[in-house]
Structures are given as structure tokens and as C-alpha cells.
Amino acid sequence: SNERLRELDGRRIGEIRLAEIARMAGDHKAAAGHLQTLCAWLEEREQYGMLGTYVCLLGRELCALGRFDEAEALARRGRELAADDRHDSGLWRQVQARVLAHRGEHSEAERLASEAVARVEESDNLAWQGDAWCELAEVLEAAGRDDAIEAWREALGRYERKGIIPLARQVRERLAAVEPV
């Protein structure tokens, strides 16, 4: 359907769904590829409102791939474009927090990740909430903090309530790896 849409009118908006499918399958490289295609298309068309969201989502995928320098540039771009948007201002914080955690700047990373959680918790979007809790868990885990387990549990609860089975499974696997026996 994505190919057909592109054939009909040149739109690349279907890349969003392909990226989501790849992410849920745990294929961060494919997700990043779809998001790169989408971001380039949005940039060409000066669709900056949407671009702010998707550069941050691309940044999250790049963090998952260990490409933190590239992710940081996208966090900056997302911050520029976010304005007062609750979701996007939470997204750039999530990406920047992961970058800082990778560098060992744990207190600033935790502050940003916690702010991101607070922002999305004001929404009723369980998927966004689960994502923010996952990013906080990653940051806390990088710092060697035991409260990462509780953040993973919060993420799991959101994904289960929303019925996002693949992401719930991924979080359960992470919990199994970090919870004491």
C-alpha cells in the first residue's frame, strides 16, 4: 500500500506505519531507514510540524542502534521544532536523555527522561506513556539504578493496557533480564 500511495501521488507518509511495524518487530535498522525516508520527504515539503515528531522518533531508533552522535543532532532539531507541543517536547528529551546516559552524564539524563515522562503522562496516550517509561528505564539502567525495574514495569503496564503485544513482550524480556531471581 505504501508503494501504491507513492505511485499515485508521490506521498511517503506510509513510511510511518512501516517504521512502526519494524520497531515492534525489534528491527531498529529498518525502522530507522523508513523514518529517514519520511524525514527527508517532510523536510523537502517544509512540513515542520510533522517533522518535529519524526526526527525525534528517528533519534530514538538511532539510540537503539548505538548511533548516539546522529541521535543528538536529531534531538536538537526536534527541540527547535517542538515549540509547546507536549508530545514532541517529551520526545526530544527522551532522545537527549539516552545520548547523555551513553556519555555517563546520568543525573542530567535522568532529569530529562523524567521530564519527558511527566509531559506524556498528561496525555491519555498509553503508547506514548509506555515509550517514555521505556526511555527512562534505559537511562536508569545505564546508571546502574535498581529503580529501572519499576520504570520497566510502568512501561509494561501501559503497553498491556493499550494491547501493544509486541512492545509488551519486549519489555517483559528486558524485565526478565534485570529483575533479581
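When a residue number appears, it is its place in the shown sequence, counting from 1. Just so it is clear, the model here is predicted, and its values are computed rather than measured.
A salt bridge is absent between R76 and E80; no separation between the charged side-chain nitrogens and carboxylate oxygens falls under 4.0 Å. A salt bridge does not link E138 to R60: none of the charged side-chain nitrogens sits closer than 4.0 Å to a carboxylate oxygen.
Residues E15 and L18 have side chains in contact (heavy-atom distance under 4.5 Å, counting atoms from C-beta outward). Taking 4.5 Å as the limit, some side-chain heavy atom of I16 sits within range of a side-chain heavy atom of E20. With a 4.5 Å cut-off on side-chain heavy atoms, D131 and R23 count as touching. Using a 4.5 Å heavy-atom threshold, the side chains of V139 and H106 count as separate. Contact annotation: the side chain of R45 approaches that of W41 to within less than 4.5 Å [non-hydrogen atoms, C-beta and beyond]. Side-chain contact between L62 and L74 is present, with heavy atoms from C-beta onward closer than 4.5 Å. Side-chain atoms of R145 and E110, non-hydrogen and from C-beta on, do get closer than 4.5 Å to each other.
For the salt bridge (charged side-chain N to carboxylate O under 4.0 Å, His left out) test, residues two or more places apart in sequence or in another chain that qualify with R158 are E121, E154. Listed by chain and number, the residues in a side chain to side chain donor-acceptor pair (under 3.5 Å) with H28 are E61 (sequence neighbours excluded).
V120 forms part of a hydrophobic cluster together with W128, judged by ILVMFWY side-chain heavy-atom separations under 4.5 Å. With a 4.5 Å cut-off between side-chain heavy atoms of Ile, Leu, Val, Met, Phe, Trp and Tyr, the cluster of L136 takes in V117, W133, L140.
Shortest non-hydrogen contact noted between A142 and A101 is CB-CB, 4.0 Å. G90 and A116 get closest at one heavy-atom pair: O-CB, 3.3 Å. Counting all heavy atoms, side chain and backbone alike, A31 lies closest to A22 at N-CB, 3.5 Å.
In terms of hydrophobic clustering, with Ile, Leu, Val, Met, Phe, Trp and Tyr side chains grouped at heavy-atom distances under 4.5 Å, L126 and I165 are assigned to different clusters. M50 and L91 fall within a single hydrophobic cluster, where Ile, Leu, Val, Met, Phe, Trp and Tyr side chains are chained together by heavy-atom contacts under 4.5 Å. W152 is connected to M24 through a chain of hydrophobic side-chain contacts under 4.5 Å among Ile, Leu, Val, Met, Phe, Trp and Tyr, so both are in one cluster.
Formation of a donor-acceptor pair under 3.5 Å by the T37 side chain with backbone atoms of G33 is found in this model. With hydrogens and angles ignored, the 3.5 Å screen pairs no side-chain donor or acceptor of Q94 with any backbone N or O of L57.
For the side-chain hydrogen bond (donor to acceptor under 3.5 Å, both in side chains) condition, the pairs that include at least one residue of residues 48-57, sequence neighbours left out, are T53-D88. Among residues at least two apart or in separate chains, side-chain hydrogen bond (donor to acceptor under 3.5 Å, both in side chains) pairs with a member in residues 162-173 are E160-R172.
Taken to the nearest 0.5 Å, the CG atom of L38 stands 10.5 Å off from the CD atom of Q47. For the atom pair R174 CZ and C134 SG, the distance stands at 8.5 Å (nearest 0.5 Å).
Other residues, nucleotides and ligands contribute more than 12 heavy atoms inside 6.0 Å of the CZ atom of R77.
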